[in-house]
Undergrad: 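The structure under discussion is supplied below as structure tokens; questions concerning it will follow.
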Amino acid sequence: MRKLFLKYKNGVTRRYEEYCWKNRVKKSAAKEKEYPSSDKLIVFDTAIHSQNMGDVIIQHYCRKVLDEVFAGQQPIRVPTHILPARHDIDSILGAKIKIVCGTNLITPHYEEYSNWEMSDDLFGYQNIITLGVGWGYYCEEISPISRFVYNTILAPQGLHSVRDSYTEQKFREMGILNVVNTGCPTLWGLSRQHCESIPLEKATTVITTITDYDRNVASDRLMLEILLQEYKKVSVWIQGSKDMEYLRELIDVKRVEIIPNDFESYTKALTCTDVDYVGTRLHAGIHALNLGVRSLIVAIDNRAIEMGKDVNLPLIMRENLEQELVVQIRENRKTDIVIPEQEINLWKKQFV
């Protein structure tokens with residue numbers, strides 16, 4: 001469908017193709033209503049086939065939430081990064097509860113770019129509830145196609161959970177008003193009591209991350225050099241598929257320890273030593289906070305910035321590294337995250 005709209009960018013042909021496509025989508029939605037209702041729990045899982053371990057971190061915490069809310073019920077997991085197979089589509093049909101979990105899933109120009117692979121006619125993709133989803137990137141305009149797609153697939157009843165105020169605002173701009181800002185589910189365990197257990201003082205070791213798809217060679221190299229200066233040992237977790245390639249452009253990799261590209265290795269590294277986290281990967285930092293690790297997230301995009309505004313994440317802007325990073329590493333810092341507990345409980349209670 002996206003290829004079709006990109007082929008006909010303007011004019012009568014495109015408007016006609018859009019008209020035909022919308023009719024197909026409406027017919028598919030009507031056809032799904034003919035299927036018998038079932039008590040199946042469908043989870044659109046953004047970690048399946050993902051090359052980014054950040055998606056795995058998000059799903060780890062989403063699973064905890066779903067295990068609590070739907071105790072004893074085994075979900076059917078459907079991929080979002082690839083087009084589902086026919087048997088996946090069959091499993092979706094008629095399900096009363098469909099939940100899509102986390103990540104930068106909602107985009108303002110669906111016809112040009114989307115992380116969520118769905119069939120062209122959106123067959124089976126109706127009445128979906130969101131859990132901690134986020135807006136793809138900053139934008140002024142939302143295309144008519146995006147408005148149509150998300151108003152078609154997202155449930156008109158019930159409450160949608162989004163990860164930040166900016167995403168909530170964009171939902172409302174699309175006319176989706178049944179939405180609450182719960183923050184990302186990765187944050188839900190960061191209670192005041194938990195935050196008080198996180199050390200104030202600098203550790204001897206630091207784990208860091210870089211981001212292969214959002215490169216700033218000068219700033220990222222500066223961050224690594226400061227960490228090598230300030231800590232006895234620096235480890236780099238390879239979260240993304242091309243992070244290692246990028247790391248080699250920045251420094252001699254013999255100067256750091258490499259943590260392999262898997263969730264278990266990273267979790268083990270966080271729990272084994274006297275360690276801080278400082279890096280550009282947002283959910284790597286949030287996972288560290290969940291494990292009681294003093295953390296500082298280097299904000300490089302709207303995700304960290306907007307979530308940081310809402311819940312008081314420990315952040316530093318990448319453009320301020322030269323002036324502020326050493327100070328923030330050395331100073332005693334209290335972790336004081338504020339979780340929107342009322343909104344979280346509202347989202348959970350709709351399933352009781």
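All values below come from the heavy atoms of this structure, side chains included, with hydrogens, waters and symmetry mates left out.
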Undergrad: Distance only, no hydrogens: is a donor on one side chain within 3.5 Å (strictly under) of an acceptor on the other, for Asn104 and Arg163?
TA: yes
Undergrad: May I have the step-by-step check of salt bridge (charged side-chain N to carboxylate O under 4.0 Å, His left out) for Glu173 and Lys170, ending in yes or no?
TA: CA-CA 5 Å; Glu173 285 180 23; Lys170 292 301 178 183; 3.4 Å; yes
Undergrad: Could you tell me if Asp310 and Asn181 have a donor-acceptor pair between their side chains, going purely by distance under 3.5 Å?
TA: yes
Undergrad: Any luck finding a side-chain donor-acceptor pair between Thr211 and Thr280 under 3.5 Å?
TA: yes
Undergrad: Answer with yes or no whether the side chains of Thr46 and Asp55 bring together a donor and an acceptor at under 3.5 Å.
TA: no
Undergrad: Look at the side chain of Ser146 and the backbone N and O of Tyr110, then say whether any donor-acceptor pair between them is shorter than 3.5 Å.
TA: yes
Undergrad: Do Thr167 and Asp164 have side-chain atoms, one donor and one acceptor, less than 3.5 Å apart?
TA: yes
Undergrad: What closest approach, in Å, do Thr209 and Ala284 show between heavy atoms, and which atom pair accounts for it?
TA: CG2-CB, 4.1 Å
Undergrad: Report yes or no: does Ser161 contribute a side-chain atom to a donor-acceptor pair with the main-chain N or O of Gly132 at less than 3.5 Å?
TA: yes
Undergrad: Listing request: all ring pair (Phe, Tyr, Trp, His ring centres under 6.0 Å) pairs with a residue in residues 41-75, at least two apart in sequence or in separate chains.
TA: Phe44-Trp116, Phe44-Tyr125, His60-Phe263, Tyr61-His287, Phe70-Phe351
Undergrad: Under the ring pair (Phe, Tyr, Trp, His ring centres under 6.0 Å) definition, can you give me all pairs with a residue in residues 202-257, not counting sequence neighbours?
TA: Trp237-Tyr266
Undergrad: Is the distance between the ring centroids of Tyr150 and Phe171 under 6.0 Å?
TA: no
Undergrad: Shortest non-hydrogen contact from Ile82 to Glu117?
TA: C-CB, 3.6 Å
Undergrad: Can you see which heavy atom on Val275 is nearest to which on Ala269, and at what distance?
TA: CG1-O, 4.4 Å
Undergrad: For Ile99, run the side chain to side chain contact (heavy atoms under 4.5 Å, CB included) check against Leu66, Ile42, Asp45, Ile128 and tell me which one passes.
TA: Leu66
Undergrad: Tell me if a side-chain donor or acceptor on Trp188 pairs with a main-chain N or O of Gly183 at a distance below 3.5 Å.
TA: yes
Undergrad: Indicate, with yes or no, if Leu289 and Met307 share a hydrophobic cluster defined by side-chain heavy-atom contacts under 4.5 Å among Ile, Leu, Val, Met, Phe, Trp and Tyr.
TA: yes
Undergrad: Just do the side chain to side chain donor-acceptor pair (under 3.5 Å) check on Asp88 and Ser91 with the steps written out, would you?
TA: CA-CA 5 Å; Asp88 288 321; Ser91 71; 4.8 Å; no
Undergrad: When you compare the side chains of Glu319 and Ser219, does any donor N or O come within less than 3.5 Å of an acceptor on the partner?
TA: no
Undergrad: I'd like to know if Leu224 and Val298 are part of one continuous hydrophobic network [Ile/Leu/Val/Met/Phe/Trp/Tyr, side-chain heavy atoms within less than 4.5 Å].
TA: yes
Undergrad: From Gln350 CD over to Leu159 CG, what is the distance, rounded to the nearest 0.5 angstrom?
TA: 5.0 Å
Undergrad: Rounded to the nearest 0.5 Å, what separates atom OG1 in Thr267 from atom CG in Leu291?
TA: 6.0 Å
Undergrad: Checking side chain to side chain donor-acceptor pair (under 3.5 Å) for the pair Asn52/Gln239: CA distance, chi angles, key distance, verdict?
TA: CA-CA 6 Å; Asn52 183 346; Gln239 179 179 310; 2.8 Å; yes
